[in-house]
Amino acid sequence: SQELEQSPQSLIVQEGKNLTINCTSSKTLYGLYWYKQKYGEGLIFLMMLQKGGEEKSHEKITAKLDEKKQQSSLHITASQPSHAGIYLCGADIARASNYQLIWGAGTKLIIKP
Amino acid sequence: DTEVTQTPKHLVMGMTNKKSLKCEQHMGHRAMYWYKQKAKKPPELMFVYSYEKLSINESVPSRFSPECPNSSLLNLHLHALQPEDSALYLCASSQGDQPSSSYEQYFGPGTRLTVT
(Lines give C-alpha, C1' and ligand atoms only; values in the text may rest on other atoms or scores of the structure.)
Protein backbone atom coordinates (compact mmCIF):
# COMPACT_ATOMS: atom_id res chain seq x y z
CA SER A 1 0.00 0.00 0.00
CA GLN A 2 1.10 3.56 -0.59
CA GLU A 3 2.68 5.43 2.30
CA LEU A 4 0.69 8.53 1.39
CA GLU A 5 -2.91 7.89 0.38
CA GLN A 6 -4.61 10.66 -1.55
CA SER A 7 -8.35 10.72 -2.24
CA PRO A 8 -10.35 10.99 -4.30
CA GLN A 9 -8.44 9.95 -7.42
CA SER A 10 -10.59 12.28 -9.52
CA LEU A 11 -13.31 14.78 -8.88
CA ILE A 12 -15.83 16.50 -11.13
CA VAL A 13 -17.39 19.53 -9.48
CA GLN A 14 -19.95 22.07 -10.66
CA GLU A 15 -18.49 25.56 -10.85
CA GLY A 16 -19.25 27.43 -7.65
CA LYS A 17 -19.37 24.33 -5.46
CA ASN A 18 -16.99 23.48 -2.65
CA LEU A 19 -14.73 20.45 -2.61
CA THR A 20 -12.22 18.66 -0.38
CA ILE A 21 -9.18 16.53 -1.19
CA ASN A 22 -7.55 14.38 1.48
CA CYS A 23 -4.05 13.09 2.08
CA THR A 24 -3.46 10.43 4.75
CA SER A 25 -0.37 8.72 6.14
CA SER A 26 0.22 6.01 8.71
CA LYS A 27 3.38 7.86 9.74
CA THR A 28 3.95 11.28 11.27
CA LEU A 29 4.15 14.01 8.67
CA TYR A 30 6.99 16.38 9.49
CA GLY A 31 6.16 18.60 6.54
CA LEU A 32 3.12 18.35 4.28
CA TYR A 33 3.11 20.15 0.94
CA TRP A 34 0.28 20.79 -1.47
CA TYR A 35 1.00 21.38 -5.14
CA LYS A 36 -1.10 21.95 -8.24
CA GLN A 37 -0.09 20.79 -11.70
CA LYS A 38 -1.54 21.49 -15.12
CA TYR A 39 -1.01 18.70 -17.64
CA GLY A 40 2.56 18.67 -18.97
CA GLU A 41 3.65 21.57 -16.80
CA GLY A 42 5.60 22.05 -13.61
CA LEU A 43 4.21 21.81 -10.08
CA ILE A 44 3.00 25.02 -8.51
CA PHE A 45 3.58 25.24 -4.77
CA LEU A 46 0.38 26.04 -2.86
CA MET A 47 1.02 25.59 0.86
CA MET A 48 3.22 23.89 3.44
CA LEU A 49 1.99 22.67 6.82
CA GLN A 50 4.19 21.55 9.67
CA LYS A 51 2.44 21.89 13.00
CA GLY A 52 -0.39 19.74 14.29
CA GLY A 53 -3.67 21.61 13.94
CA GLU A 54 -2.16 24.11 11.53
CA GLU A 55 -4.40 25.74 8.94
CA LYS A 56 -3.40 28.00 6.07
CA SER A 57 -5.45 29.81 3.47
CA HIS A 58 -4.70 31.48 0.19
CA GLU A 59 -7.53 33.04 -1.78
CA LYS A 60 -10.21 30.33 -1.88
CA ILE A 61 -7.98 27.41 -0.92
CA THR A 62 -7.57 26.25 2.69
CA ALA A 63 -5.27 23.46 3.84
CA LYS A 64 -5.27 21.83 7.27
CA LEU A 65 -3.03 19.37 9.07
CA ASP A 66 -4.70 17.36 11.84
CA GLU A 67 -3.48 17.36 15.44
CA LYS A 68 -1.84 13.95 15.07
CA LYS A 69 0.00 15.15 11.94
CA GLN A 70 -1.11 12.17 9.89
CA GLN A 71 -3.85 13.64 7.73
CA SER A 72 -4.20 16.79 5.68
CA SER A 73 -7.11 18.18 3.73
CA LEU A 74 -7.29 20.75 0.96
CA HIS A 75 -10.57 22.60 0.71
CA ILE A 76 -11.61 24.81 -2.20
CA THR A 77 -14.52 27.16 -1.69
CA ALA A 78 -16.72 28.35 -4.58
CA SER A 79 -14.68 26.53 -7.22
CA GLN A 80 -13.74 28.26 -10.47
CA PRO A 81 -12.46 26.95 -13.82
CA SER A 82 -8.97 28.19 -12.85
CA HIS A 83 -8.94 25.60 -10.05
CA ALA A 84 -8.96 22.72 -12.54
CA GLY A 85 -5.83 20.60 -12.60
CA ILE A 86 -4.06 17.85 -10.71
CA TYR A 87 -3.51 18.34 -6.98
CA LEU A 88 -0.60 16.51 -5.39
CA CYS A 89 0.34 16.16 -1.76
CA GLY A 90 3.96 15.53 -0.83
CA ALA A 91 5.37 14.84 2.62
CA ASP A 92 8.50 14.51 4.72
CA ILE A 93 8.04 11.39 6.82
CA ALA A 94 11.61 11.21 8.09
CA ARG A 95 12.96 14.27 9.87
CA ALA A 96 16.49 13.76 8.64
CA SER A 97 15.53 13.24 5.01
CA ASN A 98 13.74 16.41 4.09
CA TYR A 99 15.05 16.25 0.54
CA GLN A 100 13.10 13.09 -0.18
CA LEU A 101 9.40 13.65 -0.32
CA ILE A 102 6.88 10.87 -0.65
CA TRP A 103 3.98 11.70 -2.92
CA GLY A 104 0.31 10.97 -3.10
CA ALA A 105 -0.98 9.63 -6.41
CA GLY A 106 -2.71 12.93 -7.22
CA THR A 107 -6.30 14.10 -7.57
CA LYS A 108 -7.55 15.21 -10.96
CA LEU A 109 -10.03 18.05 -10.53
CA ILE A 110 -12.44 18.96 -13.32
CA ILE A 111 -14.70 21.98 -12.96
CA LYS A 112 -17.96 21.82 -14.90
CA PRO A 113 -19.31 25.19 -16.09
CA ASP B 1 10.98 35.78 -7.12
CA THR B 2 10.25 32.05 -6.91
CA GLU B 3 11.09 31.16 -10.47
CA VAL B 4 12.95 28.10 -11.65
CA THR B 5 13.65 28.07 -15.38
CA GLN B 6 14.28 25.03 -17.57
CA THR B 7 15.46 24.68 -21.14
CA PRO B 8 14.56 23.35 -23.57
CA LYS B 9 10.80 23.07 -23.16
CA HIS B 10 10.62 20.15 -25.57
CA LEU B 11 13.33 17.76 -26.75
CA VAL B 12 13.22 14.92 -29.25
CA MET B 13 16.32 12.78 -29.45
CA GLY B 14 17.45 9.51 -30.97
CA MET B 15 18.88 6.70 -28.91
CA THR B 16 22.42 7.51 -30.04
CA ASN B 17 22.25 11.25 -29.38
CA LYS B 18 23.84 13.23 -26.57
CA LYS B 19 21.86 16.15 -25.21
CA SER B 20 21.63 18.21 -22.02
CA LEU B 21 18.81 19.66 -19.99
CA LYS B 22 19.41 22.90 -18.13
CA CYS B 23 17.91 24.38 -14.99
CA GLU B 24 18.51 27.72 -13.30
CA GLN B 25 17.34 29.42 -10.13
CA HIS B 26 18.28 32.75 -8.55
CA MET B 27 16.60 32.37 -5.18
CA GLY B 28 19.81 31.51 -3.34
CA HIS B 29 18.55 27.98 -2.75
CA ARG B 30 21.20 25.47 -1.72
CA ALA B 31 19.39 22.30 -2.75
CA MET B 32 18.48 21.43 -6.35
CA TYR B 33 16.67 18.38 -7.65
CA TRP B 34 15.96 16.41 -10.81
CA TYR B 35 12.70 14.50 -11.06
CA LYS B 36 11.24 12.29 -13.78
CA GLN B 37 7.49 12.23 -14.21
CA LYS B 38 5.53 9.79 -16.33
CA ALA B 39 1.97 10.52 -17.38
CA LYS B 40 -0.60 10.32 -14.57
CA LYS B 41 2.09 9.56 -11.97
CA PRO B 42 3.67 11.69 -9.26
CA PRO B 43 7.27 12.87 -9.76
CA GLU B 44 10.06 10.36 -9.10
CA LEU B 45 13.19 11.73 -7.50
CA MET B 46 16.36 11.14 -9.52
CA PHE B 47 19.11 13.31 -8.01
CA VAL B 48 19.60 15.88 -5.28
CA TYR B 49 22.43 18.36 -5.05
CA SER B 50 23.09 20.05 -1.74
CA TYR B 51 25.62 22.88 -1.67
CA GLU B 52 26.67 21.89 -5.20
CA LYS B 53 27.51 18.34 -4.16
CA LEU B 54 25.56 15.27 -5.18
CA SER B 55 23.84 14.07 -2.03
CA ILE B 56 21.22 11.68 -3.39
CA ASN B 57 21.26 9.42 -6.44
CA GLU B 58 18.16 7.27 -6.56
CA SER B 59 19.79 4.38 -8.43
CA VAL B 60 19.45 6.20 -11.72
CA PRO B 61 21.03 4.53 -14.81
CA SER B 62 24.38 5.96 -15.85
CA ARG B 63 22.92 7.20 -19.14
CA PHE B 64 21.69 10.12 -17.00
CA SER B 65 24.54 12.24 -15.67
CA PRO B 66 23.85 15.26 -13.45
CA GLU B 67 26.13 18.24 -13.05
CA CYS B 68 25.98 21.29 -10.79
CA PRO B 69 28.44 23.89 -12.17
CA ASN B 70 27.49 26.47 -9.54
CA SER B 71 24.86 27.21 -6.93
CA SER B 72 22.38 28.54 -9.51
CA LEU B 73 22.71 25.99 -12.28
CA LEU B 74 21.87 22.34 -12.65
CA ASN B 75 22.36 20.24 -15.77
CA LEU B 76 21.26 16.76 -16.73
CA HIS B 77 23.36 15.17 -19.46
CA LEU B 78 21.66 12.51 -21.52
CA HIS B 79 23.36 9.80 -23.56
CA ALA B 80 22.16 6.59 -25.19
CA LEU B 81 18.65 6.90 -23.82
CA GLN B 82 15.90 4.36 -24.32
CA PRO B 83 12.32 5.03 -25.51
CA GLU B 84 11.08 4.26 -21.97
CA ASP B 85 13.04 7.31 -20.77
CA SER B 86 10.52 9.52 -22.53
CA ALA B 87 8.90 11.61 -19.79
CA LEU B 88 8.58 15.09 -18.32
CA TYR B 89 11.81 16.02 -16.54
CA LEU B 90 11.35 18.49 -13.73
CA CYS B 91 13.92 20.53 -11.93
CA ALA B 92 13.24 21.93 -8.46
CA SER B 93 15.06 23.89 -5.80
CA SER B 94 14.60 24.51 -2.09
CA GLN B 95 16.29 26.48 0.65
CA GLY B 96 17.66 23.22 2.00
CA ASP B 97 20.27 24.60 4.36
CA GLN B 98 19.06 22.72 7.44
CA PRO B 99 18.80 18.96 6.79
CA SER B 100 16.44 18.42 9.70
CA SER B 101 14.04 21.13 8.61
CA SER B 102 11.28 21.12 6.05
CA TYR B 103 11.39 23.43 3.06
CA GLU B 104 9.05 23.71 0.13
CA GLN B 105 10.44 22.88 -3.28
CA TYR B 106 9.88 25.19 -6.21
CA PHE B 107 9.56 23.49 -9.56
CA GLY B 108 10.44 24.56 -13.07
CA PRO B 109 8.02 24.12 -15.99
CA GLY B 110 9.74 20.92 -17.09
CA THR B 111 11.28 19.55 -20.27
CA ARG B 112 9.13 17.15 -22.28
CA LEU B 113 11.59 14.54 -23.56
CA THR B 114 10.76 12.12 -26.33
CA VAL B 115 13.27 9.39 -27.21
CA THR B 116 12.80 7.87 -30.66
Donor-acceptor list for residues 14-23 of chain B side chains, cut-off 3.5 Å, not counting sequence neighbours:
unit_1: B:Asn17; atom_1: OD1; unit_2: B:Gly14; atom_2: N; d: 2.7
unit_1: B:Ser20; atom_1: OG; unit_2: B:His77; atom_2: ND1; d: 2.6

Greater than 12 external heavy atoms within 6.0 Å of B:Lys38's NZ: yes
Pairwise distance CD(A:Glu41) to CZ(B:Phe107) - rounded to 0.5 angstrom: 14.0 Å
Exceeds 12 heavy-atom contacts within 6.0 angstrom, atom NZ of B:Lys40: no
Residue selection (most heavy-atom pairs with chain B, distance under 4.5 Å) from A:Ile86, A:Leu43, A:Ile44: A:Leu43
Audit row: A:Gln37, B:Leu88, side chain to side chain contact (heavy atoms under 4.5 Å, CB included) steps and yes/no: CA-CA 12 Å; A:Gln37 186 177 30; B:Leu88 182 68; 4.0 Å; yes
Non-hydrogen atoms of B:Pro42 and A:Trp103 that approach each other most closely: CB-CB, 3.6 Å
Partners meeting ring pair (Phe, Tyr, Trp, His ring centres under 6.0 Å) with A:Tyr87 (sequence neighbours left out): none
Single-linkage hydrophobic cluster B:Leu81~B:Leu11, side-chain heavy atoms < 4.5 angstrom: yes
From OG (B:Ser94) to OH (A:Tyr33), nearest 0.5 Å: 8.0 Å
Atom NZ of A:Lys112 with >12 non-hydrogen neighbours under 6.0 angstrom: no
Segment of B:Glu58 engaging chain A (4.5 angstrom heavy-atom cut-off): side chain
Common cluster, B:Leu78/B:Val12, ILVMFWY with side-chain heavy-atom separation under 4.5 Å: no
Portion of B:Gln37 that has a non-hydrogen atom of chain A nearer than 4.5 angstrom: side chain
Residue A:Leu88 versus chain B: region with a heavy atom under 4.5 Å: side chain
Exam field: side chain A:Tyr35 to backbone B:Tyr106, donor-acceptor pair closer than 3.5 Å: no
Rounded distance [0.5 Å steps], CD in B:Gln105 versus CE in A:Met48: 11.5 Å
